[in-house]
> 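My questions will all concern the structure given below.
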Amino acid sequence: MTTTVRVPEGWPGTEEEARAIQDELRRRVVLDEPGPPPGTGHVTGVDVAYDDERDTVAAAAVVLDAATLEVVAEATAVGRISFPYVPGLLAFREIPTVLAALDALPCPPGLVVCDGYGLAHPRRFGLASHLGVLTGLPTIGVAKNPFAFTHADPAPARGSSSPLLAGDEEVGRALRTQEGVKPVYVSVGHRVGLDRACAHVLRLSPRYRLPESTRRADALCRRALRDATTPGTGPGPE
DNA sequence: GCGACAG
DNA sequence: ATCTTGTCGC
């Protein structure tokens, strides 16, 4: 089932407002919990796809069994694009629809794996941190590109990593999930430590560069967008 | 001041 | 993110 969402009341209309909200909410991020043990419980991937032409966004949440990586449940949501893409403000574009997809799940999500950053963010409050604070769930971010952070190239072996640095501060890790393949960029979102975040990502990536959680969510949100955008398939009278 | 910049 | 043909490989 796919739920439909509107842009929330009080959603920021300007970049200035959005940054102020980040600076306020970042104080609620919890960084001193180790997080759920890798390989146990549920791990949920979330992702979003856009059709700017039709002002439509589709989100998907896919729950996996952390031990087997089998799909336990999935949900989707569609809505209007709630904010333009601005580097550093990605969360305001994705969060309303992602929240709706998470709400539509029939079971607890467990650890949530986001596409993008958590702590590795200009104001230390990326998408994963934002989603964590709003839901109270443990979250991590896995990005496909380094933002504006520096890092050494990790050793070629699967599992090797090097710190993502903002000056002296380690805000995340470049993690090699497959031998000789470009690393992914892992950062903590909320209620999870960096070591465990990386351990989760490694377990979630037995075969491909990206975690199964995000691969599944990516495929599902694209399908949901196509369904919502294809004439004759959408809701409403006809 | 200018460019770069998660998705 | 999204736009996009053919092509190499399991």
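Numbered from 1 within each chain, the chains take letters A, B, ... in sequence-line order. Being a predicted model, the structure only gives us computed values, none of them experimental.
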> Which is true for A:Leu89 with a 4.0 Å heavy-atom rule: it touches a base, it touches only sugar-phosphate, or it touches nothing?
base

> Is any side-chain N or O of A:Asn145 closer than 4.0 Å to OP1 or OP2 of B:dC5?
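Checking A:Asn145 against B:dC5: no side-chain N or O falls below 4.0 Å of OP1 or OP2.
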
> Look at the side-chain N and O atoms of A:Arg93 and state whether any lies under 4.0 Å from the OP1 or OP2 oxygen of B:dA6.
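For B:dA6, OP1/OP2 do not have a side-chain N/O of A:Arg93 under 4.0 Å.
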
> Charged N to carboxylate O below 4.0 Å: is that the case for A:Glu169 and A:Arg124?
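Answer for the salt bridge query: yes.
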
> May I ask you to say what A:Ala143 touches in the nucleic acid, namely base, sugar-phosphate or nothing, with a heavy-atom cut-off under 4.0 Å?
sugar-phosphate

> For A:Gly141, report the nucleic acid contact type (base, sugar-phosphate, nothing); a contact means any heavy atom under 4.0 Å.
nothing

> Between A:Glu16 and A:Arg19, does at least one N-O distance fall below 4.0 Å, as a salt bridge requires?
no

> B:dG7 C1' sits how many Å from A:Leu131 CG, rounded?
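So the two atoms are 14 Å apart, to the nearest Å.
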
> Please report, rounded to the nearest Å, how far the C1' atom of B:dG7 is from the CD1 atom of A:Ile81.
11 Å

> Distance check: side-chain N/O of A:Lys144 vs OP1/OP2 of B:dA6, anything under 4.0 Å?
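No, no such contact exists.
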
> In whole angstroms, how far is the P atom of B:dG7 from the CG atom of A:Leu127?
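Spelled out: CG on A:Leu127 to P on B:dG7 is 10 Å.
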
> Where do A:Arg6 and A:Glu9 come nearest, in terms of heavy atoms and distance?
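Between these two residues, the closest heavy atoms are NH1-OE2, 4.2 Å.
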
> Should A:Arg226 and A:Asp51 be marked as a salt bridge (Lys or Arg N to Asp or Glu O under 4.0 Å) after you check the CA-CA gap, both sets of side-chain angles, and the distance that decides it?
CA-CA 9 Å; A:Arg226 176 172 56 70; A:Asp51 185 336; over 6 Å; no

> Distance check needed: B:dC5 P versus A:Tyr117 OH, whole Å only.
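Interatomic distance, OH of A:Tyr117 to P of B:dC5: 11 Å.
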
> Rounded to whole angstrom units, what separation is found between the CG atom of A:Leu119 and the P atom of B:dA6?
18 Å

> Stacking check: are the rings of A:Tyr85 and C:dA1 less than 5.5 Å apart at their centres and under 30 degrees in tilt?
no

> In sequence, state the C-alpha distance, the side-chain angles, and the governing distance for A:Arg222 and A:Asp218, and then conclude on salt bridge (Lys or Arg N to Asp or Glu O under 4.0 Å).
CA-CA 6 Å; A:Arg222 290 193 200 211; A:Asp218 179 75; 3.1 Å; yes

> Any base atoms under 4.0 Å from A:Ala49, or only sugar-phosphate, or nothing? Heavy atoms, all strands.
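The residue A:Ala49 makes sugar-phosphate contact but no base contact.
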
> Give the stems involving DNA chain C, where a stem is 3 or more consecutive Watson-Crick or G-U wobble pairs (i with j, i+1 with j-1, and so on) under 3.5 Å.
none

> Considering non-hydrogen atoms only, spot the tightest contact between A:Arg203 and A:Pro206 and give its length.
O-CD, 3.7 Å

> Among B:dG7, B:dA6, C:dT2, which is the nearest nucleotide to the side chain of A:Leu225?
C:dT2

> Which whole-number value in Å describes the distance from A:Arg54 CZ to C:dA1 C1'?
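Roughly 17 Å, once rounded to whole Å.
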
> Would you list the protein and nucleotides 5-10 of chain C atom pairs, both N or O, that sit under 3.5 Å from each other?
none

> Apply side-chain contact (heavy atoms from CB on, under 4.5 Å) to A:Asp227 and A:Thr2, showing your working.
CA-CA 10 Å; A:Asp227 292 348; A:Thr2 296; over 6 Å; no

> Is A:Asp195 salt-bridged to A:Arg173, going by a charged N under 4.0 Å from an acidic O?
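Yes, charged N to carboxylate O under 4.0 Å.
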
> Is it true that A:Asp115 and A:Arg93 make a salt bridge, defined as a side-chain N closer than 4.0 Å to a carboxylate O?
no

> Locate the shortest heavy-atom distance separating A:Val171 from A:Ser187; write the atom from each residue and the value.
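The pair with the smallest heavy-atom distance is O-CB, 3.3 Å.
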
> Tell me: CZ of A:Arg226 to P of C:dC3, nearest whole Å?
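Taking atom P of C:dC3 as the reference, CZ of A:Arg226 is at 13 Å.
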
> With respect to the side chain of A:Arg222, which nucleotide from B:dG7, B:dA6, C:dT2 is positioned closest?
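Closest nucleotide among those given: C:dT2.
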
> For A:Phe147 and B:dA6, what is the distance between atoms CZ and P respectively, to the nearest whole Å?
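Distance check: A:Phe147 CZ to B:dA6 P gives 6 Å.
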
